[in-house]
Amino acid sequence: MPGSNSHWQEICERHTGECCFKMVHPTGLPIFVCPKKGYRSSYAVFGTRYGSIDTLFYTTGDDKPTELPAGIAHFLEHKLFENEDSDAFSRYAKTGASANAYTSFDRTAYLFNCTDKFEESLHILLDFVQTPYFTEQTVRKEQGIISQEIRMGEDSPSRRVLFNLLRSLYHKHPVQIDIAGTIDSIAQITPELLYGCYNTFYNPHNMVLVVSGNVTPEQVLAVADKTLKPSDFSSVERAAIDEPKEVVKPRIEQNMPVASPLFYYGYKDYIPDGKSYRTPEQLVAAGVLLEVIAGRSSQLYNRLMNQGLINSSFSFDYFDGPGYGVWIFGGESANPDAVASSISDEIARLRTDGVSEDAFESARNALYGKQVASLNDVDNVSDSLMIDYFAGRPPFSAVEAAASISRQAVLKLLDTCFDESQASLSLILPSGH
Amino acid sequence: MQPVRHPLAEGVNFLGITDDRFKTAQLTVALLLPLQEQTASSYAILPFLLRRNCGEYPDFSALQRRLNQLYGARILADVIRIGSNQALILTAVSIDDRFALNREAITQQCAELLRSMIFEPAFKDGHFNDDDTELEKRCLVELIQSEINDKRLYSRQRCEQILCEGEGYAVNRYGTIDGVGALTPEHVTNAWKRALQSAQVCIVYQATSCGAIADNLAKSFAAAAGRAPTPLITAEKRTIKNKREVVERLDVNQAKLVLGFKAYNSAGDDIAAMRLMNALLGGTPHSLLFKNVREKLSLCYYCSSSYDRFGRVLLIDSGVDEQNAKKAQEQIIKQYDAVCRGDFTDGDIESARTSLENQFRSIEDHQSSLATWYIGQSLDNNISTPAQAADELYSVTRDRIVNAARSISLEAVYMLAAKEGEHAGK
């Protein structure tokens, strides 16, 4: 148990017995620690509430928002690995930790997994993320590397079909812009811009540290006390985007060398205030609803499969972030228009016929099992705690929500989402090869 | 604790791992057979068809409803390649009984369901039914066709085909489009019978207790008529060939360069040294390839190496602008030559070792990684734990790393690039 001088709060999930400890460090950084008995490895993630969508924001005292080139959060992620006298990977090479980082729409995360020398690795993580170093020369070098990452993305049909869909759904919201930006946008990035972003978003009050696995709160706190630098509180607020309810266009196509058409059929989820997230209950209800509409036990899935319209690549998802949310159905199909129209018909049928108690119960059970299973791996546990923290959702809240979700919550989503004016079909068509 | 393989029948080994750390139980059954062009398709369809054509739930949607009721239990079907062998894999994953909302006994039911899928399919007139066979044929053909969608994986696969032409290793684990297209329910039924008779079988069960599943599986295998396991292919006979260079063109923006190296017969048997050599050369973000080709020259986003110990094949791949491909290749060869000359520091060896050690020691914290680890050892006489593999790295000397690098030779250079006149230099 944590010592009496620290201010750890223990948070436990009643169905699984999973527990974590939370505190806010004197520097302002929230810290979560989830010890997992019997595990050999630990997984730490140090994240900031700053992602690809943050190209327009207000800082303390601003009356006009600051606007930045697309892809700058991702560029900054790459560049932080390099300090003046060393790079983070060379430092991790001495501890054996497996380190990485990623940038998503609404966050940037730096992480490592290790089975030995945990304290040294955590020190490296906290230290390099707090030590920015950018020069003209290192920025130029990174432009070469990231240009190739962008090229790679341009050749990825699964990435193109998603970003094309987002472009067809969103008029103004920057979720439509590729996370890495474009070759032209990253050419505008300078050391000064990177320092500006760093100083705005890499403030402990805007960040979180999560560790799970073979670790105690005391171990984490000892390294945090030694390594975290004090910082003045400064606030940063995402600019609310006045995004229309309707989509830009109902269809978007691109030709690429693929075997058969790839599709994403998506419905834009309208977020009235333009910046909030869905609650745990709404997220679980979305999962249950998708399972009812298109899960493997559904009429729709089995009909499309038997008609030869979908194959094993078929999947569905709901994802959300500040000011955006998307219901998505995708896969490969010789006739994506027929699939999209069947999905739309099935939603209309469910609105009329309702969702039976049996269908709801079995989909609810499946969602509950999925949430429980997601607590197996240290990487999942840490990432989920970080994502939930940034979204204002309590730790492990999805498990309780799945155990107690009501049919009404599911029906409410069915009634309020999936307007045809909010739908679009994104297609990657074979270019011939 | 050292896990022990228990023989359930001839060529059938059961590995039970009792572990209460996880929220789920997982049963994995792998049927291993030599990977050959003439049989690959008829075997590859089996895990998918057995899942769809289950005797207990012949209607797929009824099966899925049952799995949903069992708290989203999943039956996963897959085919993987282990060296020149094909592994047909079915896995059941369910939450542990402790977490069921009404304390139902789920894990035993899921394990039993998987057993029944393998041994008791829903036959019509003595064979798999026509509709289900046609449906899974279509899905398998589309799976093979879609391999071109991921250009990096596709390029690596093409390089392996060129490098190992004539070997089982070069045969697609899913078979061929024509091979799958020609299958009939009778063919597939015969393939199922043959697989149960002749496959070497590796079963890994991870749960809080092993229950009765081992006994039930033992009875089922004992009842399989005429069981006579076929030996697996452990090492292909190879002769040194000239290097082949192949360029293929598609409508792409970035070229994918893949260099294929091969070890001969017993060369490559020093697995610990090979693993360290690969990590040092290009297996980590502090390796020679990452530091030099990506970070110093900024030619690419990725440049890495991987060693497949079962196929004794090392691939190095990178995504580059075509105009820089020659420069990237020269730099890759330069780094490989440096390893062959022993031109690396003790610090490089230590970094590679600690990094690999971390990878191995993490495996036991992931159920699916641990199952894959033990299934991969089906070709080995004795099994070793990930921790033992980590310990073995400590005995590897600089000379053994150099010898490992020298024991492979570059025999294929593959590049997937833009069509002439398109995208060049963009």
Side-chain angles (χ1 to χ4, degrees), chain A residues 15-16 36-41 89-90 93-99 113-116 141 144-146 148-149 151-152 154-155 157-158 213 256-260 262 291 295-298 302 305-306 308 311-313 332 362-363 365-370 372-373 375-378 403 431 433, chain B residues 20-24 48 60-62 64-65 67-73 93-95 99 101 131 135 138-139 142-143 145-152 250-254 284-286 290 294-295 298-302 319-321 347 350-351 354-355 357-359 361-362 364-367:
Chain A
H15 298 282
T16 56
K36 287 184 79 74
K37 202 176 153 205
Y39 278 64
R40 175 72 200 244
S41 58
F89 285 127
S90 307
K94 294 186 174 56
T95 69
S98 166
N113 166 293
C114 74
T115 52
D116 196 15
K141 183 202 84 177
I145 295 170
I146 296 178
Q148 288 310 315
E149 191 178 359
R151 288 264 178 268
M152 186 171 81
E154 285 170 352
D155 285 336
S158 55
M256 291 180 82
V258 293
S260 69
L262 265 73
E291 186 62 37
R296 288 181 170 200
S297 66
S298 69
N302 287 284
M305 200 67 163
N306 291 331
N311 59 27
S312 52
S313 67
E332 297 161 16
S362 78
N365 270 12
L367 254 286
Y368 170 77
K370 190 176 166 187
V372 171
L375 299 174
N376 262 352
D377 295 341
V378 288
S431 56
H433 48 266
Chain B
D20 63 3
R21 292 177 305 156
F22 296 111
K23 304 283 187 275
T24 51
F48 306 102
F60 190 71
S61 58
Q64 292 300 326
R65 266 198 302 282
L67 292 171
N68 275 359
Q69 285 160 0
L70 293 169
Y71 298 96
V93 188
S94 64
I95 61 167
F99 309 113
L101 289 170
D131 290 348
L135 190 152
R138 174 181 67 80
C139 287
E142 289 173 3
L143 191 60
Q145 287 170 333
S146 69
E147 286 174 341
I148 199 167
N149 294 0
D150 184 327
K151 303 298 180 283
R152 183 175 181 184
L250 275 179
D251 177 18
V252 293
N253 289 290
Q254 183 186 64
T284 72
H286 39 80
F290 189 91
R294 171 173 145 144
E295 292 296 310
S298 99
L299 288 175
C300 57
Y301 172 63
Y302 70 88
V320 290
D321 268 341
E350 187 60 15
S351 298
T354 52
S355 176
E357 188 178 355
N358 185 59
Q359 278 177 36
R361 295 197 194 279
S362 301
E364 292 192 356
D365 286 349
H366 299 273
Q367 271 183 331

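First the proteins, then the strands, lettered A, B, ... as listed; each starts at 1. All heavy atoms count here, side chains included; hydrogens, waters and symmetry mates do not.
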What heavy-atom pair brings [X] and [Y] nearest, and what distance separates the two atoms?
X: Ala259(A); Y: Ile148(B); answer: N-CG2, 4.0 Å
X: Ser61(B); Y: Asn302(A); answer: CB-ND2, 3.2 Å
X: Ile145(A); Y: Ser298(B); answer: CG1-CB, 3.7 Å
X: Tyr71(B); Y: Tyr368(A); answer: CD2-CD2, 3.5 Å
X: Ser312(A); Y: Leu143(B); answer: OG-CD1, 4.5 Å
X: Gln148(A); Y: Gly319(B); answer: OE1-O, 3.9 Å

Using heavy-atom distances under 4.5 Å, tell me whether [X] contacts chain B through its side chain, its backbone, both, or neither.
X: Ser260(A); answer: neither
X: Lys37(A); answer: backbone
X: Ile146(A); answer: neither
X: Glu332(A); answer: side chain

Treating [X] as the side-chain partner and [Y] as the backbone partner, does any N or O pair qualify as donor plus acceptor under 3.5 Å?
X: Asn376(A); Y: Lys23(B); answer: yes
X: Asn358(B); Y: Asn113(A); answer: yes
X: Thr115(A); Y: Gln359(B); answer: no
X: Arg21(B); Y: Gly38(A); answer: yes
X: Asp155(A); Y: Gln254(B); answer: yes

How long is the gap from [atom1] on [X] to [atom2] on [Y], to the nearest 0.5 Å?
X: Lys94(A); Y: Ser351(B); atom1: NZ; atom2: OG; answer: 6.0 Å
X: Phe99(B); Y: His15(A); atom1: CZ; atom2: NE2; answer: 12.0 Å
X: Arg152(B); Y: Met152(A); atom1: CZ; atom2: CE; answer: 7.5 Å
X: Arg151(A); Y: Asn253(B); atom1: CZ; atom2: CG; answer: 5.5 Å

Heavy-atom contact with chain A under 4.5 Å, split by part of [X]:
X: Asp150(B); result: neither
X: Leu67(B); result: neither
X: Arg294(B); result: both
X: Phe48(B); result: neither
X: Val93(B); result: neither

### Query
Is any side-chain heavy atom of Ser313(A) less than 4.5 Å from a side-chain heavy atom of Glu142(B)?
no
### Task
For the residue pair Glu291(A) and Asn68(B), establish whether any side-chain heavy-atom pair is separated by less than 4.5 Å.
yes
### Query
Top residue by heavy-atom pair count (under 4.5 Å) with chain B, among Ser362(A), Gly144(A), Gly369(A)?
Ser362(A)
### Summary
Answer key: most heavy-atom pairs under 4.5 Å with chain B among Leu375(A), Val372(A), Asp116(A) is Val372(A)
Give the member of [options] that has the highest number of heavy-atom pairs under 4.5 Å with chain A.
options: Asn149(B), Ile95(B), Leu135(B); value: Asn149(B)
options: Pro285(B), Ser355(B), Ser94(B); value: Pro285(B)
options: Gln367(B), Glu147(B), Glu357(B), Glu295(B); value: Glu295(B)
options: Gln145(B), His366(B), Arg65(B); value: His366(B)

